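Reckoned from all heavy atoms, side chains included, excluding hydrogens, waters and symmetry mates. Whatever order the structure lists ligands and atoms in, that order sets their numbers, starting from 1. Quantities reported herein were computed from a predicted structural model and do not represent experimental measurements.
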Amino acid sequence: MARPIRADIRLSAFVHNYAAAKRAAPRSRALAVVKANGYGHGIERVARALPHADGFATLELDGAVRLRDAGFAGEILLLEGFFEAAELAEIAGRALATVVSGEDQLRQLEACKPTAAIDCYLKINTGMNRLGLAPSAVRPALERLEAAGSARSVTLMTHFATADGPEGIGEAMRRFEDATRGLALPRSLANSAALFAHPQAHADTVREGIALYGATPFADRSAGSLGLLPAMTLRSRLIAIQDLAAGETVGYGATYRAAGPMRLGIVACGYADGYPRHAPSGTPVLVDGVRVPTAGRVSMDMITVDLSAVPGARVGSEVVLWGEGLPVDDVAASAGTVGYELLCALAPRVPVREVP
Ligand SMILES: *Cc1c(COP(=O)(O)O)cnc(C)c1O
């Protein structure tokens, strides 16, 4: 038998979660965000599942090119734009849309005459303070793009720092509106969190990332409560059972000590598969459909679980690390991180199986 770990990717979940976004923002276009290889799900797989998406947004030029070459004719947006002028020929040639977020990119657009005009998303910094033009730089940038003749269209864009939290987006919206007042151009503001929490930010085009994969952008609202379905289920099996006596320890560093006699299950999944090494004892795992806690350190190829709650478990019992029956967000919360990180970190050695 092959090593039993695999990731099941449910294609219908992408369709369901994309439809949930369209229902939440019925008057907006929705770009499916597929950066980082579709948050670990496979960029081409996501695109194949969503042939009628309004568009896709990604970060890596090679992925954008592959989507175009695979036959997707709609909008493909590069979320960080280009990193050197040499990329502009490819962007123009493949009719990709690009974010323009700073002086360097503006200058390169002015200096190089691309073979065709490019759809530009002018990114405005409204408080995230990573990328984006200062609000006062927006009108001069528009004039320069106009003068250069390199923009086929311009969409005004921002990205929120706190759409998922109690701070909300009030201040960012005020800055965006001040910077763009009176400009008759389309707008794109919302990520998944704003899509579900801030309808006033839906505007013309939303950018749905994490929700497309069936995980939540919020610390306090589950994916299920948003009507989302998990797209990735990471599955494995028990490959051994250990019966421990009271006082015996488990795993590297002997960080877990059995309080009394206990049955321990050894799961074929470790940090080299993408399971977070920092997940502490007590992180939830499903064994034969029953939620049990991990016990001891995550190692490279194995984790260990307390089988007290599943007396019938045996070698070969089915394990779900996250996905259907166990939200990735619950595992992430236990490990002190977010579902995004776990999904993106799925390791190349894990075989993927597509399920309808
Ligand atoms: C990644 C990204 C998104 C998607 O964010 P989610 O929280 O995953 O929905 C939207 N916009 C930009 C600019 C991004 O980089």
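Given atom 1 (C) of ligand 1, the protein heavy atom at minimum distance is Lys35 NZ, 1.5 Å. Counting only heavy atoms of the protein, atom 8 (O) of ligand 1 lies nearest to Tyr39 OH, 2.6 Å. Ranking the protein heavy atoms by distance from atom 9 (O) of ligand 1 puts Ser192 OG, 2.6 Å first. The closest protein non-hydrogen atom to atom 7 (O) of ligand 1 is Tyr340 OH, 2.6 Å. Scanning all protein heavy atoms for the shortest distance to atom 11 (N) of ligand 1 gives Arg207 NE, 2.8 Å. When hydrogens are left out, the protein atom nearest atom 12 (C) of ligand 1 is His159 CE1, 3.4 Å; that is the closest non-hydrogen contact.
Close approach to Met157 involves these atoms of ligand 1, each under 4.0 Å from a residue heavy atom: 13 (C). Of all atoms in ligand 1, numbered sequentially from 1 with element shown, those under 4.0 Å from a heavy atom of Leu79 are 12 (C), 13 (C), 14 (C), 15 (O). For ligand 1, the atoms sitting less than 4.0 Å from at least one non-hydrogen atom of Ile210 are 6 (P), 8 (O), 9 (O), numbered in the order shown with element in parentheses.
Checked for salt-bridge contact, Arg257 and Glu248 miss the test: no charged N lies under 4.0 Å from a carboxylate O. A salt bridge does not link Glu60 to Lys35: none of the charged nitrogens lies less than 4.0 Å from a carboxylate oxygen. A salt bridge does not link Arg187 to Glu177: none of the charged nitrogens lies less than 4.0 Å from a carboxylate oxygen. Under the 4.0 Å criterion applied to side-chain N and carboxylate O atoms, Arg29 and Asp204 are not assigned as salt-bridge partners. Look at Arg263 and Asp306 and you find no salt bridge, because none of the NZ, NE, NH1 or NH2 atoms lies under 4.0 Å from a carboxylate O. Salt bridge annotation for Glu354-Arg48: present, with a cationic side-chain nitrogen under 4.0 angstrom from a carboxylate oxygen. Salt bridge absent: Arg174 and Asp178 never bring a charged side-chain N and a carboxylate O closer than 4.0 Å.
For Glu80, the closest heavy-atom approach to ligand 1 does not fall below 4.0 Å.
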